[in-house]
Amino acid sequence: MTHQPQPADPAPDPAPDLFTWEFATDPYPAYAWLREHAPVHRTRLPSGVEAWLVTRYADARQTLADPRLSKNPAHHDEPAHAKGKTGIPGERKADLMTHLLNIDPPDHTRLRRLVSKAFTPRRVAEFAPRVQELTDQLIDGFAERGSADLIHEFAFPLPIYAICDLLGVPREDQDDFRDWAGMMIRHGGGPRGGVARSVKKMRGYLADLIHRKREALPDTPAPGEDLISGLIRASDHGEHLTENEAAAMAFILLFAGFETTVNLIGNGTYALLTHPGQRERLQRSLAAGERGLLATGVEELLRYDGPVELATWRFATQPLTIGGQDIAAGDPVLVVLAAADRDPERFADPDVLDLSRRDNQHLGYGHGIHYCLGAPLARLEGQTALATLLTRLPDLELATDPADLRWRGGLIMRGLRTLPVEFTPVRQTRRKCTSDTLPGTTDHTKK
């Protein structure tokens, strides 16, 4: 009896190209390939820096909490950070390095404790009426027109004004922050060096604001005292917070606290508009006065197409192994949250959007000691924005082919450049927005 030769196993598809414009539009097939064939994958990033990408959920969760991976770029084995190739452009020159994304315990523990009081469930709940007010005022600005770009007119300004209020930036200065923030999220879409210049301007403003607030600080804190005043008070009462630390903290809370929410609202609205069955479920639930589906729905939107594609930089302080792959001391490691949150080993039907998904321990806001401090506020803003949009503009729909939408380039965040929509114009019955309740309406992100 002769044995017939067995056919060879088919060769795997070639490794996908990463960080192209096509990849940015839909990175999930490439991430599926990496999870299966190269779950801890060394690649050269567009900046030229080589880093490890961690794509499986179990590995990602372990990596995010591994104390052998430092957030301090001093542990990088290359001078890439000094050249602006890792981290936020311009932060080193602007003396803004000592913030939560760049430090480890015990300094991280100390600084996080100082600001955590601003993001407790009670403080966030107290801020909810202001978030609702901002949301309604922004929708008032375009409801009668019947069309809008939801990124520039809604998703972008809402978290900017909210975080400025929380920090204590005066209303008359908030449009400057909106301008600088608009430059910072364009990720290369603006003039060369524009991000670094915006960071420098923001640093100068924060130094002046901290000085002015310190001069006028009352002896005892008022209820709901703004966060910058709280940081100054801590530094003046034994917590040893330097002015650079206070400025860096305010800066990173603004920087990290707005773009994630811009993308949560933008990506979430887009997902709902392209999944009409899920959107209708949510609208029926909201019309019935229920909030449960809204809460689980926002968590599912964070998992399905979240605002943070890759967790921020980590650097190995010693040789270690992740997912069977040896990592050398000094190597950068990037956890791909978007890949981990679509891992079929962790989530049933991971490529399906299910707003009622219950078993949903996604990594959209990280894990471990660097879990996103502002997650409660972001969730509040996301829930308020989506619920109000779908309630006030019930026939909201895309005004363009999804294939014509463009996603912003950039390594860490994932978000749309624009989101044009149409709806039946709504005659306003509420008081129109006035300049004393909402800062200016100039679209600074399109300059």
Side-chain angles (χ1 to χ4, degrees), residues 121-122 124-140 142-143 146 148 150-151 153-155 158-159 162 260-307 341-342 347-365 374-399 402 415-416 419 421-430:
R122 177 180 176 180
V124 170
E126 291 172 349
F127 200 55
R130 177 57 178 162
V131 173
Q132 184 66 63
E133 181 184 29
L134 286 168
T135 300
D136 281 320
Q137 289 169 357
L138 289 167
I139 294 176
D140 288 347
F142 54 77
L150 285 186
I151 300 299
E153 297 180 74
F154 185 64
L158 174 58
T260 51
T261 309
V262 174
N263 294 344
L264 168 57
I265 297 170
N267 299 2
T269 303
Y270 174 68
L272 292 173
L273 294 181
T274 52
H275 294 80
Q278 294 294 308
R279 172 253 190 92
E280 289 164 10
R281 284 181 65 196
L282 182 54
Q283 285 181 303
R284 288 196 301 269
S285 174
L286 293 170
E290 301 167 354
R291 303 287 290 187
L293 190 63
L294 177 65
T296 60
V298 166
E299 298 310 305
E300 175 69 345
L301 294 169
L302 285 163
R303 182 202 69 82
Y304 180 78
D305 198 10
D341 280 342
R342 295 270 192 118
F347 299 100
D349 300 317
D351 296 321
V352 173
L353 180 69
D354 178 7
L355 298 185
S356 60
R357 189 184 295 268
R358 294 289 180 180
D359 181 17
N360 196 359
Q361 295 295 315
H362 63 77
L363 300 176
Y365 283 127
L377 178 61
R379 287 184 166 100
L380 168 67
E381 292 171 343
Q383 290 184 20
T384 303
L386 293 173
T388 309
L389 271 180
L390 294 178
T391 300
R392 292 189 58 187
L393 308 175
D395 61 351
L396 189 73
E397 62 182 26
L398 278 175
L416 287 161
L419 185 57
V421 294
E422 297 173 334
F423 47 87
T424 300
V426 179
R427 179 179 292 276
Q428 298 302 305
T429 56
R430 64 179 68 245

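Everything numeric in this text was worked out from a predicted model, so none of it was measured.
- Contact of the Asp354 side chain with the Arg281 side chain is registered, since non-hydrogen atoms from C-beta on lie closer than 4.5 Å.
- Among pairs with a residue in residues 378-390, those fulfilling side-chain hydrogen bond (donor to acceptor under 3.5 Å, both in side chains) read Gln132-Thr388, Thr261-Glu381, Glu299-Arg379, Tyr371-Arg379, at least two apart in sequence or across chains.
- In this structure a side-chain-to-backbone donor-acceptor pair under 3.5 Å is missing from Arg279 to Leu390.
- The minimum heavy-atom distance between Gly146 and Pro425, with the atom names listed, is CA-CG, 3.8 Å.
- How far CZ of Phe127 is from CG of Leu380: 8.5 Å, rounded to the nearest 0.5 Å.
- The closest side-chain heavy-atom distance from Leu396 to Thr269 is below 4.5 Å.
- Partners of Asp349 by salt bridge (charged side-chain N to carboxylate O under 4.0 Å, His left out), not counting sequence neighbours: none found.
- The only option from Val426, Thr135, Asp140 that meets the side-chain contact (heavy atoms from CB on, under 4.5 Å) definition with Arg392 turns out to be Asp140.
- Only one option out of Ile151, Ile265, Leu398 pairs with Tyr270 in a side-chain contact (heavy atoms from CB on, under 4.5 Å); it is Leu398.
- A donor-acceptor contact shorter than 3.5 Å links the side chain of Asp395 to the backbone of Thr424.
- Across Leu293 and Ser285, no two heavy atoms sit closer than the pair CB-OG, 3.7 Å.
- Using a 4.5 Å heavy-atom cutoff, the side chains of Gln278 and Tyr304 are not in contact.
- Every residue meeting the side chain to side chain contact (heavy atoms under 4.5 Å, CB included) condition with Asp359, not counting sequence neighbours, appears here in chain and number order: Arg346.
- Closest of all the heavy-atom pairs between Leu302 and Pro307 is CD2-CD, 3.6 Å.
- Using a 4.5 Å cut-off on side-chain heavy atoms (C-beta onward), Leu353 and Leu301 make contact.
- A distance-only check finds no donor-acceptor pair linking the side chain of Glu300 to the backbone of Arg357 [under 3.5 Å].
- For Phe423 against Ala148, the heavy-atom pair with the smallest separation is CE2-N, 4.2 Å.
- When all heavy atoms of Ala387 and Leu294 are compared, the closest pair comes out as CB-CD2, 3.9 Å.
- With a 4.5 Å cut-off on side-chain heavy atoms, Pro159 and Val262 count as touching.
- For Pro350, the side chain to side chain contact (heavy atoms under 4.5 Å, CB included) partners are Arg303, Arg342, Pro344, Phe347, not counting sequence neighbours.
- Annotation: salt bridge (charged side-chain N to carboxylate O under 4.0 Å, His left out) contacts of Asp341 (sequence neighbours excluded): none.
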Checklist entry - Would Asn360 and Thr296 count as a side-chain contact (heavy atoms from CB on, under 4.5 Å) if you check the C-alpha gap in whole Å, the side-chain angles of each, and the deciding distance to 0.1 Å? => result CA-CA 9 Å; Asn360 196 359; Thr296 60; over 6 Å; no
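- The salt bridge (charged side-chain N to carboxylate O under 4.0 Å, His left out) check on Arg358 picks up nothing, with sequence neighbours excluded.
- When all heavy atoms of Pro402 and Thr274 are compared, the pair lying nearest together is CG-CG2, 4.5 Å.
- Residues Phe142 and Leu393 are in side-chain contact: their nearest non-hydrogen atoms beyond the backbone lie under 4.5 Å apart.
- The only option from Leu138, Leu389, Leu416 that meets the side-chain contact (heavy atoms from CB on, under 4.5 Å) definition with Leu150 turns out to be Leu389.
- Rounding to the nearest 0.5 Å places CG of Asp305 at 5.0 Å from CG of Asn267.
- For Gln361, the CD atom is loosely surrounded, since the number of other residues' heavy atoms within 6.0 Å does not exceed 12.
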